[in-house]
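First comes the structure, then the notes that go with it.
One-based numbering along the sequence shown. These numbers come from the heavy atoms of this one structure, side chains and all, not from hydrogens, waters or symmetry mates.
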Amino acid sequence: MARKGQRFQIYSVELMLEAMKLKEDGYTHAQIAEKLGITNKDTVKCWYRQFRKEGQSAFIDKQGRREVYKDKNRYVRKLEMENKILKKYLEILNKEHSCNEEI
């Protein structure tokens, strides 16, 4: 647990991916941490565990920037619904446009 006033270091996605590349090249967690200036080797260990589980998407900020769908059917239904709405909107726009030309 973090002490009062202690701040956590935030690392870029690029650095995390570089760490994973080094891990795949055979470097240890400690070697990666030292080479990339990461304060704790356990951080690299945690990243690697996440990377093995989720791939590169483990490092993408999931706070509203990207929707993650574990159920692909749900994702497909969402896309189909969006497509249907956009087609209806396009149909309405085309009708308005054709009405304006007749006047």
Side-chain angles (χ1 to χ4, degrees):
M1 190 155 108
R3 292 186 202 136
K4 187 176 181 181
Q6 182 179 6
R7 300 196 186 271
F8 292 99
Q9 177 68 38
I10 298 174
Y11 297 100
S12 70
V13 173
E14 291 79 18
L15 182 91
M16 294 175 181
L17 292 174
E18 177 64 23
M20 297 306 97
K21 183 179 181 304
L22 291 172
K23 180 65 179 160
E24 289 175 351
D25 290 343
Y27 285 80
T28 66
H29 297 128
Q31 290 171 329
I32 295 168
E34 184 178 333
K35 184 175 179 85
L36 298 178
I38 299 166
T39 55
N40 189 340
K41 71 177 175 76
D42 291 333
T43 301
V44 176
K45 189 176 183 178
C46 182
W47 291 347
Y48 186 63
R49 202 175 311 125
Q50 288 176 309
F51 183 75
R52 280 194 343 240
K53 187 177 179 182
E54 300 176 45
Q56 289 185 8
S57 66
F59 303 138
I60 295 173
D61 183 7
K62 295 178 177 123
Q63 294 181 353
R65 292 189 186 172
R66 178 177 175 264
E67 293 182 55
V68 178
Y69 290 95
K70 292 183 180 177
D71 180 8
K72 289 184 181 179
N73 290 330
R74 180 176 158 214
Y75 181 66
V76 169
R77 286 193 307 271
K78 179 184 181 289
L79 290 176
E80 287 173 342
M81 182 182 68
E82 287 175 359
N83 196 11
K84 195 179 214 180
I85 290 168
L86 290 171
K87 284 180 179 179
K88 278 279 194 199
Y89 181 70
L90 192 62
E91 184 181 313
I92 291 168
L93 286 177
N94 285 336
K95 283 181 182 179
E96 284 182 11
H97 182 70
S98 65
C99 288
N100 289 339
E101 286 181 354
E102 292 175 6
I103 294 176

(request) With salt bridge (charged side-chain N to carboxylate O under 4.0 Å, His left out) as the test, would you mind laying out the steps for Lys78 and Glu82 before giving the verdict? (result) CA-CA 6 Å; Lys78 179 184 181 289; Glu82 287 175 359; 2.4 Å; yes
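Atoms SG and CG, on Cys46 and Asp42 in that order, are 9.0 Å from each other to the nearest 0.5 Å. In this structure, the separation between CD1 on Ile85 and CG on Leu90 is 13.5 Å, given to the nearest 0.5 Å. A distance of 10.0 Å separates CH2 in Trp47 from CG in Leu17, rounded to the nearest 0.5 Å. One finds the CD1 atom of Ile38 at 9.5 Å from the CD atom of Glu18 (value rounded to the nearest 0.5 Å). Separation of atoms CE (Met20) and CG (Asp25) is listed at 11.5 Å; rounding is to 0.5 Å. Taken to the nearest 0.5 Å, the CZ atom of Arg74 stands 11.5 Å off from the CG atom of Leu79.
When all heavy atoms of Ala58 and Gln50 are compared, the closest pair comes out as CB-O, 3.6 Å.
Under a 4.0 Å N-O distance rule, the pair Glu91/Lys95 qualifies as a salt bridge.
Considering only heavy atoms from C-beta on, Asn40 comes within 4.5 Å of Thr43 through its side chain. Using a 4.5 Å heavy-atom threshold, the side chains of Leu36 and Leu22 count as touching. Using a 4.5 Å heavy-atom cutoff, the side chains of Lys41 and Glu34 are not in contact. Between Thr39 and Tyr11 there is a side-chain heavy-atom pair separated by less than 4.5 Å.
Between Phe51 and Phe59, the ring planes are parallel. Angles under 30° get that label, and only those over 60° would be called perpendicular.
Here the side chain of Glu24 pairs no donor or acceptor atom with the backbone of Lys21 at under 3.5 angstrom.
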